[in-house]
Amino acid sequence: MSDMSRPVAYRAGGDLSDFFALAKPRVMSLVVFTGIVGMALAPATPHPVLAVAALLALALGAGGAGAINMWFDRDIDAVMERTKTRPVPAGRVPAAEALAFGVTLSIFGVLLMGLAANWAAAALLLASSLFYVFVYTCWLKRSTAQNIVIGGAAGALPPAIGWVAATGGLAALPVILFAIIFLWTPAHFWALALVRTDDYARAGVPMLPVTRGAAATRRGILVYSAATAAVTTLPYVLGELGAVYGIGAGLLGAGLLWHALTICRRRAGSEMRMFWYSIGYLFLLFLLMPLDRLLVGP
């Protein structure tokens, strides 16, 4: 499984684009976006400069955790088609530099969050980073098919962090936002895992399609899609958000379920269509939340 024993020819340091890639910018952008939504929905409004600083801290924390993830996973990344061109396995950034970069970003992110917002938000950011690195990356990813289910908790925390950064405490709505992302994550990643089953098997990563097979994975996608669609109705049902969000969430949830059903029916190309739809689904769902507040009011 591992090729860590093979020497890798590194060039003299990576360029800026390599270090930017280490921070997983696509994941970071989703983290910051959902953090912005959590902050925007909060009843308290921080000073714009402090809000920007808090969001920068969130980005640094996410980027640091991503870089440490790439450092630890360099052995399996090297044997997977999807990840073998990443900066560390491709030899563009030495492993020690990637680790130092990730730790530095993480520390600065937590400190900046504490200074710009509050130490409760900083503690939540630290917990998210530690969970992603030690619980998901170092333990769950290589040991259980439930890796992405449990590990998804780290990626579900940003809207709660944004809320706490604005208010200093939690409430029902940010907990629901956490639940939405937590339940959305397995179906999103399992759709891709169905396409990349051979890749994960070759790397020895026990993703659900590898350990339980495609049929069980398809059922899991349907179950988690249904759970996600159900939980997204709670902000409307509980009166936290209005009809603009409620109608939009219902339509988007119907689309998610339709894509999950097409996977269960084994229609050609349904897995990648589900994967890409799920990304747009989460973005539009969270975009509807502040839009609803703008149009309908609190």
Query raised in the report: Do the side chain of S129 and the main chain of L125 share a donor and acceptor less than 3.5 angstrom apart?
Result: yes

Requested in this report: Not counting sequence neighbours, list each pair that qualifies as a side chain to side chain donor-acceptor pair (under 3.5 Å) and has a residue in residues 224-251.
Outcome: none

Give the table of side-chain donor-acceptor pairs shorter than 3.5 Å for residues 249-265, with sequence neighbours excluded, one pair per line with atom names and distance.
{"from": "T262", "atom 1": "OG1", "to": "H259", "atom 2": "O", "distance (Å)": "2.6"}

Query - Validation row: I150, F131 side chains within 4.5 angstrom (heavy atoms) - result: yes

Requested in this report: Kindly write out the residues that satisfy salt bridge (Lys or Arg N to Asp or Glu O under 4.0 Å) with K141, not counting sequence neighbours, or none if the list is empty.
Outcome: D73

Query raised in the report: Judged by atom type as modelled, is there a donor-acceptor pair below 3.5 Å linking the side chain of R86 to the main-chain atoms of T83?
Result: no

**Report entry** Side-chain touch L194/M274, heavy atoms, less than 4.5 angstrom
**Finding:** no

**Report entry** Check: T137 and R142 side chains under 4.5 Å, non-hydrogen atoms
**Finding:** no

Query raised in the report: Around atom CZ of F182, are there more than 12 heavy atoms of other residues, nucleotides or ligands at under 6.0 Å?
Result: yes

Query raised in the report: With the 4.5 Å side-chain cut-off for hydrophobic clustering, are I247 and I176 part of the same group?
Result: no

Query raised in the report: Among the clusters formed by ILVMFWY side chains lying less than 4.5 Å apart, do I221 and V223 turn up in the same one?
Result: no

**Report entry** Interatomic distance, L112 atom CG to I107 atom CD1 [nearest 0.5 angstrom]
**Finding:** 13.5 Å

Query raised in the report: Would V175 and L183 show up in the same hydrophobic cluster when neighbours are defined by side-chain heavy atoms closer than 4.5 Å?
Result: no

Query raised in the report: Does F189 share a hydrophobic cluster with L222, counting links as ILVMFWY side-chain heavy atoms below 4.5 Å and allowing steps through other members?
Result: no

Query raised in the report: What distance do L234 atom CG and I180 atom CD1 have between them, rounded to the nearest 0.5 Å?
Result: 7.5 Å

**Report entry** Cluster companions of L50 among Ile, Leu, Val, Met, Phe, Trp, Tyr (side-chain spacing under 4.5 Å)
**Finding:** none

Requested in this report: Provide the full list of side chain to side chain donor-acceptor pair (under 3.5 Å) pairs with a residue in residues 170-195, sequence neighbours left out, each pair given once.
Outcome: H188-S278

Report task. Kindly write out the residues that satisfy salt bridge (Lys or Arg N to Asp or Glu O under 4.0 Å) with R196, not counting sequence neighbours, or none if the list is empty. Result -> none

Query raised in the report: Between L58 and M113, is any pair of side-chain heavy atoms under 4.5 Å apart?
Result: yes

Query raised in the report: Do P25 and F20 have side-chain heavy atoms sitting under 4.5 Å apart?
Result: yes

Requested in this report: Could you tell me whether the side chain of N118 reaches within less than 4.5 Å of the side chain of T167, counting heavy atoms only?
Outcome: no

Query raised in the report: Does the pair D18/R92 count as a salt bridge with the N-to-O cut at 4.0 Å?
Result: yes

Query raised in the report: Hey, are D199 and R202 close enough for a salt bridge, meaning a charged N less than 4.0 Å from a carboxylate O?
Result: yes

**Report entry** Any side-chain heavy-atom pair of T144 and P206 under 4.5 Å
**Finding:** no

Show me, pair by pair, the donor-acceptor contacts under 3.5 angstrom made by side chains of residues 32-44, not counting sequence neighbours?
{"from": "T34", "atom 1": "OG1", "to": "L30", "atom 2": "O", "distance (Å)": "3.0"}
{"from": "T34", "atom 1": "OG1", "to": "V31", "atom 2": "O", "distance (Å)": "3.1"}

Query raised in the report: Rest of the hydrophobic cluster containing W276 (Ile/Leu/Val/Met/Phe/Trp/Tyr, side-chain heavy atoms under 4.5 Å)?
Result: L192, V195, M272, F275, I279

Query raised in the report: Taking only residues at least two apart or on different chains, which pairs with a member in residues 100-120 satisfy ring-ring contact (aromatic ring centres under 6.0 Å, His included)?
Result: F19-F101

Query raised in the report: Given side chains that start at C-beta, do those of T197 and T217 come closer than 4.5 Å, heavy atoms only?
Result: no

Query - With sequence neighbours excluded, residues passing side chain to side chain contact (heavy atoms under 4.5 Å, CB included) with A216 - result: R212, R219

Requested in this report: Begin with the C-alpha distance, continue with both residues' side-chain angles, and end with the deciding distance and a verdict on side chain to side chain contact (heavy atoms under 4.5 Å, CB included) for V205 and V210.
Outcome: CA-CA 8 Å; V205 179; V210 176; over 6 Å; no

Query raised in the report: Among all residues two or more places apart in sequence or in another chain, which pass the side chain to side chain contact (heavy atoms under 4.5 Å, CB included) test with A171?
Result: W163, P174

**Report entry** Cluster link V27 to L130, ILVMFWY, side chain under 4.5 Å
**Finding:** yes

**Report entry** Partner set under side chain to side chain contact (heavy atoms under 4.5 Å, CB included) for A21, not counting sequence neighbours
**Finding:** P87

